[in-house]
Asks: 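Okay, here's the structure, questions in a sec.
To find a chain, count down the sequence lines: A is the first, B the second, and so on, and within it residues start at 1.
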Amino acid sequence: METNLTDVNELIKRRYEELEELQKMGIEPYAYSFDVNADSEDIKNNFNEDEKREVKIAGRIMAIRRMGKASFAHIMDDKGKIQIYLRKDEIGEQYAAFKLMDIGDIVGVEGFVFKTRTGEISVHVTSLKLLAKSLRPLPIAKEATDEHGNKIIYDQFADKELRYRQRYVDLIVNPDVKEVFITRSKIISAIRRFLDEQGYLEVETPILQPLYGGAAARPFITHHNALDIDLYLRIADELYLKRLIVGGFNGVYEISKDFRNEGMDRTHNPEFTMMELYVPYKDYEWMMNFVEQLITHICKVVFNKTEFTFEDKTIDFKTPWKRISFVDAIEDKTGVNVIKASEDELKGLAKNLGIDLGAAEGRAKLIDEIFSETVEPELIQPTFVVDYPVELSPLAKKHRSKEGVVERFETYVAGKEICNAFSELNDPIDQRKRFEDQVKLREAGDEEAHQVDEDFLRAIEYGMPPTAGLGVGIDRLVMLLTNQTSIRDVILFPQMKPENQ
RNA sequence: GGGCGCGUAGCUCAGUGGUAGAGCAUCUGCCUUUUAAGCAGAGGGUCGGUGGUUCGAAACCACCCGCGCUCACCA
């Protein structure tokens, strides 16, 4: 980890020496530019034996096989690896310089494409230029192919701590990692393009907020010096986006980081990416259909398939997805109607299910727990769970016909929630009452309960059209679609404890 | 936060109380179509840290640091 020159190890010391020797030869070890006209993939895909195609490529040296007056090396560019072949009698001085180059160095190569005796498409080098000398040894793995054509990797860089802390190294030596992040980016642009095409406006709302809300979570607190006030890092975008619906936009969305000051594990990072969408004059029924379209659009344009493997499960996103009622699903499993049941009955049920009852659990948390324990794990194929108890949803509109529930749905896949949506509560009088109920929970010790947001109430008192709202946890969606079981494997720089010294 | 596990060379790992090891990487020599290139030789370690037990600790004990898995809470 240490960058002090005083205690670098032998390998690094050697590279500093090579750097000096190269400079003595008149070589600038950190070049200014190099014009490229091909990449490894293009060369391999468009190979023609007779053409002797001239190419200029650049990349990082990943393997060297020196054989005296000739050498082979593999260089890696954005698209993959390609072999290069160098001969002393052809490149002279540059061959001497090549002897001072290492795995990890970045080079620019000119040459012609050929196929070796053993059949590998390679570049026969006519000119080699050092572009950046690498001073640290890469934890390079060796690859081989067994008799069945399977790739075997020896000594793969596997230490998760180092991989997360030094993601740049992880990306260099573990190509699958790079692939996941490319896919993540494609998923996000597919979402953005889809929403733009529907005519929704991408907006940006404050991360620093004097009051936080829109979700049940504990916030990060920061301080503004000039105003001398504490501010919160947002836990959700919801309340600002709905203000914009009041303002008259015909559909707004935001893809951005939210921050929650809670534990970290394989599905939680303190900062994570949310997509929230609000569409006026629509309700949650409309939104369910929209979610089906959005997700199948991603499947089509990014993956061109609807079937995915996640862990040991096969998930099929083919629509229509199953829809089940939250209350009925629990009743089917337990025989208890959680709307009608008293708090004592709920406690009894929870206890029978082996749920650990913390102090001061309210109805809402009890019901939520019972659902997580009984129904959630079985929701493997995409399923809409609809109509949640009102206690769980202080920002959702009362159901138009059913007592005790709101018009809300969550979408579950592989036993995990991937989105949350509702017909937004636009009755300011009801909204005030819900906030006041939250305050009671807060006073009873629930740190995650909402505060009263007077400005938000003022906004909807001016009148907010009926609105459908949606939140999608992007990191978890990416995990699902790329078959990654840890959120840290879909976040480039996951939160880590500070490195010691 | 609780439980379980891990930390030895640049990387991947052996090493259960008695001279710190292997493969790859590195260095030297040979080698002009190799591909885990090969052959011959060499260097490289505060065994995560601090204390303790012991004649003697990489190993045993305690505490600390970091990481992973898992449970709880949350998206």
Side-chain angles (χ1 to χ4, degrees), chain A residues 1 7-15 17-18 62-74 81 83-91 95 99 102-104 114-120 122 124 136-146 151-165 169 173 214-218 235-236 258-276 355-358 361 365 368-369 372 410-411 416-420 446-448 471-477 479 485-488 496-501:
Chain A
M1 297 314 109
D7 48 32
V8 291
N9 68 38
E10 287 292 318
L11 297 175
I12 295 177
K13 212 176 278 175
R14 170 65 194 159
R15 293 195 173 205
E17 287 164 12
E18 286 169 342
M62 297 301 283
I64 302 177
R65 290 176 292 282
R66 300 181 200 273
M67 296 177 303
K69 297 185 184 65
S71 294
F72 286 94
H74 272 100
K81 290 181 194 171
Q83 182 169 257
I84 60 172
Y85 176 55
L86 310 96
R87 293 167 62 115
K88 188 181 180 186
D89 59 1
E90 292 172 342
I91 60 170
Y95 197 81
K99 284 186 176 167
D102 291 292
I103 290 173
F114 76 114
K115 194 180 259 185
T116 63
R117 215 174 267 169
T118 48
E120 181 163 350
S122 309
H124 192 127
R136 283 175 183 272
L138 277 177
I140 198 79
K142 289 217 166 191
E143 283 174 23
T145 310
D146 70 9
K151 197 188 267 184
I152 311 165
I153 299 173
Y154 299 86
D155 305 332
Q156 182 158 35
F157 180 53
D159 184 314
K160 287 202 168 180
E161 179 184 359
L162 289 179
R163 288 183 45 210
Y164 296 142
R165 287 194 192 282
V169 174
V173 303
R218 278 152 54 194
I235 60 170
D258 287 346
F259 307 85
R260 298 189 185 175
N261 204 342
E262 288 159 353
M264 289 154 54
D265 60 31
R266 74 175 202 289
T267 56
H268 296 84
N269 195 63
E271 56 181 290
F272 61 100
T273 303
M274 275 289 277
M275 190 285 285
E276 289 194 34
I355 294 166
D356 179 29
L357 298 180
E361 295 277 9
K365 287 205 165 177
D368 206 20
E369 277 299 312
S372 304
E410 292 195 342
T411 311
K416 298 176 187 354
E417 180 202 332
I418 58 160
C419 55
N420 182 17
D446 184 350
E447 287 182 77
E448 297 181 347
V472 180
I474 297 294
D475 310 280
R476 289 186 181 179
L477 180 65
M479 284 169 68
T485 52
S486 171
I487 199 167
R488 293 183 150 187
M496 304 285 283
K497 283 193 195 172
E499 212 169 332
N500 242 13
Q501 314 264 321

Asks: Taking N or O atoms only and anything under 3.5 Å, show me the protein contacts with nucleotides 45-50 of chain B, one pair per line.
Replies:
none

Asks: Is the shortest side-chain heavy-atom distance between A/Val169 and A/Leu162 below 4.5 Å?
Replies: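 In short, these two side chains do not touch, never coming nearer than 4.5 Å.
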Asks: Which whole-number value in Å describes the distance from A/Glu10 CD to B/rA42 C1'?
Replies: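 Value for this atom pair: 12 Å.
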Asks: Taking only the side-chain nitrogens and oxygens of A/Arg488, find out if one of them lies under 4.0 Å from OP1 or OP2 of B/rC67.
Replies: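 No, A/Arg488 has no side-chain N/O under 4.0 Å of OP1/OP2 on B/rC67.
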Asks: To the nearest 0.5 Å, what is the distance between CE on A/Met479 and CD1 on A/Ile487?
Replies: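 Output value for this atom pair is 6.0 Å.
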Asks: Check the orientation of A/Phe114 and A/Tyr85. Use parallel for under 30°, tilted for 30 to 60°, and perpendicular for over 60°.
Replies: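 Geometry flag for A/Tyr85 against A/Phe114: tilted rings.
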Asks: Please report the interatomic distance NE2(A/His124) to CD1(A/Ile91), rounded to the nearest 0.5 Å.
Replies: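 The CD1 atom of A/Ile91 is 8.5 Å from NE2 of A/His124, to the nearest 0.5 Å.
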Asks: Using atom P of each nucleotide, how far apart are B/rG3 and B/rA42 to the nearest Å?
Replies: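 Per the computed distance, 50 Å lies between those P atoms.
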Asks: Would you measure the distance from the C1' atom in B/rC65 across to the matching atom in B/rU50 and give it in whole Å?
Replies: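 These two C1' atoms come out 10 Å apart once rounded.
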Asks: Check whether any side-chain nitrogen or oxygen of A/Arg65 sits under 4.0 Å from OP1 or OP2 of B/rU34, and answer yes or no.
Replies: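 No, because none of the side-chain N or O atoms of A/Arg65 sits under 4.0 Å from OP1 or OP2 of B/rU34.
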Asks: Suppose you measure atom P in B/rC11 against the same atom in B/rG51; what distance do you get, rounded to whole Å?
Replies: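 Rounded to whole Å, the distance is 26 Å.
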Asks: At under 4.0 Å between heavy atoms, what does A/Glu271 touch on the DNA or RNA strands: base, sugar-phosphate, or nothing?
Replies: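 No contact at all - A/Glu271 keeps every heavy atom at 4.0 Å or more from the nucleic acid.
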Asks: Expressed as a whole number of angstroms, how long is the span from A/Ile487:CD1 to B/rC69:P?
Replies: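 That distance rounds to 13 Å.
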Asks: Give each stem of RNA chain B as a range with a range, requiring at least 3 consecutive Watson-Crick or G-U wobble pairs whose two distances are under 3.5 Å.
Replies: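 Looking at RNA chain B, the stems formed by three or more consecutive pairs are B:1-7 with B:65-71, B:10-13 with B:21-24, B:26-30 with B:38-42, B:48-52 with B:60-64.
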Asks: Hey, is the main chain of A/Ile235 close enough, under 3.5 Å, to the side chain of A/Arg260 for a donor-acceptor pair?
Replies: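 Yes, the answer is positive, given that a donor and an acceptor are paired below the 3.5 Å cut-off.
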Asks: Please work out if A/Asn261 contacts a base, only the sugar-phosphate, or nothing of the nucleic acid, heavy-atom cut-off 4.0 Å.
Replies: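 Result for A/Asn261 = nothing.
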Asks: Judged by atom type as modelled, is there a donor-acceptor pair below 3.5 Å linking the side chain of A/Asn261 to the main-chain atoms of A/Arg218?
Replies: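 Pair absent, no side-chain N/O of A/Asn261 close to backbone of A/Arg218.
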Asks: Calculate the interatomic distance between A/Lys160 atom NZ and B/rC67 atom P; express it in whole Å.
Replies: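 Roughly 14 Å, once rounded to whole Å.
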Asks: How far, in whole Å, is B/rG49 from B/rA9 if one measures between their P atoms?
Replies: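 Here B/rA9 and B/rG49 have their P atoms 11 Å from each other.
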Asks: Across the strands shown, which category fits A/Ala216 at heavy-atom distances under 4.0 angstrom: base, sugar-phosphate, nothing?
Replies: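 The residue A/Ala216 makes sugar-phosphate contact but no base contact.
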Asks: Do the side chains of A/Met67 and A/Phe72 get nearer than 4.5 Å, heavy atoms only?
Replies: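 The answer is yes, as the side chains (C-beta and beyond) meet within the 4.5 Å cut-off.
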Asks: Rounded off to whole Å, could you give me the NZ-to-C1' distance for the A/Lys99 and B/rU26 pair?
Replies: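 Distance check: A/Lys99 NZ to B/rU26 C1' gives 17 Å.
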Asks: At their closest point, which heavy atom of A/Cys419 faces which heavy atom of A/Gly471, and how far apart are they?
Replies: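 In terms of heavy atoms, the two residues are closest at CB-O, 3.0 Å.
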Asks: Looking only at side-chain N and O atoms, does A/Glu120 offer a donor or acceptor that is under 3.5 Å from a partner on A/His74?
Replies: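 On atom types as modelled, these side chains qualify, holding a pair under 3.5 Å.
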Asks: Does some side-chain heavy atom of A/Ile12 sit less than 4.5 Å from a side-chain heavy atom of A/Arg136?
Replies: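 In short, these two side chains touch, coming nearer than 4.5 Å.
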Asks: Please state the P separation for the pair B/rG15 and B/rA59 - nearest whole angstrom.
Replies: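 The answer is 15 Å between these two P atoms.
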Asks: Taking only the C1' atom of each, what is the distance from B/rG44 to B/rU28 in whole angstrom?
Replies: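 Between the two C1' atoms, the distance is 15 Å.
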Asks: Check A/Glu10 with A/Arg14, please: is the shortest side-chain N to carboxylate O separation under 4.0 Å?
Replies: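 Looking at A/Glu10 together with A/Arg14, the answer is no, because their closest N to O distance does not fall below 4.0 Å.
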Asks: Roughly how many Å apart are B/rG41 and B/rU46, using the P atom of each and rounding to a whole number?
Replies: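 Straight-line distance between the two P atoms is 27 Å.
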Asks: In the structure I gave you, are the side-chain heavy atoms of A/Arg65 and A/Gln83 within less than 4.5 Å of one another anywhere?
Replies: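 Counting from C-beta outward, A/Arg65 and A/Gln83 do come under 4.5 Å.
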Asks: Grab the CD-P distance between A/Glu17 and B/rU28 for me, whole Å please.
Replies: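 It is 10 Å, rounded to the nearest whole Å.
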Asks: Considering non-hydrogen atoms only, spot the tightest contact between A/Thr267 and A/Asp265 and give its length.
Replies: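 Taking A/Thr267 first and A/Asp265 second, the nearest heavy atoms are N-OD1, 2.8 Å.
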Asks: My understanding is that only residues two or more places apart in sequence, or in another chain, count here; which of them pass side chain to side chain donor-acceptor pair (under 3.5 Å) with A/Asn420?
Replies: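 By the side chain to side chain donor-acceptor pair (under 3.5 Å) rule, A/Asn420 matches A/Arg408.
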Asks: Whole angstroms only, please: what is the CD-P distance between A/Glu143 and B/rA37?
Replies: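 Value for this atom pair: 10 Å.
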Asks: Of A/Asn420 and A/Gln83, whose closest RNA chain B nucleotide lies nearer the 5' terminus?
Replies: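 Of the two residues, A/Gln83 wins.
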Asks: Check nucleotides 30-33 of chain B for protein N or O atoms closer than 3.5 Å to its own N or O atoms and list the pairs.
Replies:
residue, atom, partner, partner atom, Å
B/rC31, N3, A/Gly68, N, 3.2
B/rC31, N4, A/Gly68, N, 3.2
B/rU32, OP2, A/Lys69, N, 3.2
B/rU32, O2, A/Arg87, NE, 2.9
B/rU32, O2, A/Arg87, NH1, 2.9
B/rU32, O2, A/Arg87, NH2, 2.6
B/rU32, N3, A/Arg87, NH2, 3.3
B/rU32, N3, A/Asp89, OD2, 3.0
B/rU32, O4, A/Asp89, OD2, 3.1
B/rU33, O2', A/Arg117, NE, 2.8
B/rU33, O2', A/Arg117, NH1, 3.1
B/rU33, O2, A/Arg117, N, 2.7

Asks: If you find the nucleotide of RNA chain B closest to A/Met496 and the one closest to A/Asp265, which residue's nucleotide is nearer the 5' end?
Replies: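 Closest to the 5' end, via its nearest nucleotide, is A/Met496.
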Asks: Could you give the distance separating B/rG68 and B/rC30 at their P atoms, to the nearest angstrom?
Replies: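 Each nucleotide's P atom is 47 Å from the other's.
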Asks: All N/O contacts under 3.5 Å from nucleotides 6-14 of chain B to the protein, with atom names and distances to one decimal?
Replies:
residue, atom, partner, partner atom, Å
B/rC11, O2', A/Asp155, O, 3.2
B/rU12, OP1, A/Ala158, N, 3.3
B/rU12, OP1, A/Asp159, N, 3.2

Asks: Return the nearest nucleotide to the side chain of A/Asp102; candidates are B/rA25, B/rC27, B/rC71.
Replies: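 Selected nucleotide: B/rC27.
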Asks: Specify the separation, in whole Å, of atom CZ of A/Arg218 and atom C1' of B/rC73.
Replies: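 Taking CZ of A/Arg218 and C1' of B/rC73, I get 9 Å after rounding.
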Asks: So do the side chains of A/Val472 and A/Leu477 get within less than 4.5 Å of each other, counting heavy atoms only?
Replies: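 Contact flag for A/Val472/A/Leu477 side chains = yes.
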Asks: Which residues pass the side chain to side chain donor-acceptor pair (under 3.5 Å) test with A/Gln156, not counting sequence neighbours?
Replies: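 Counting only residues at least two positions away or on another chain, A/Gln156 forms a side chain to side chain donor-acceptor pair (under 3.5 Å) with A/Asn174.
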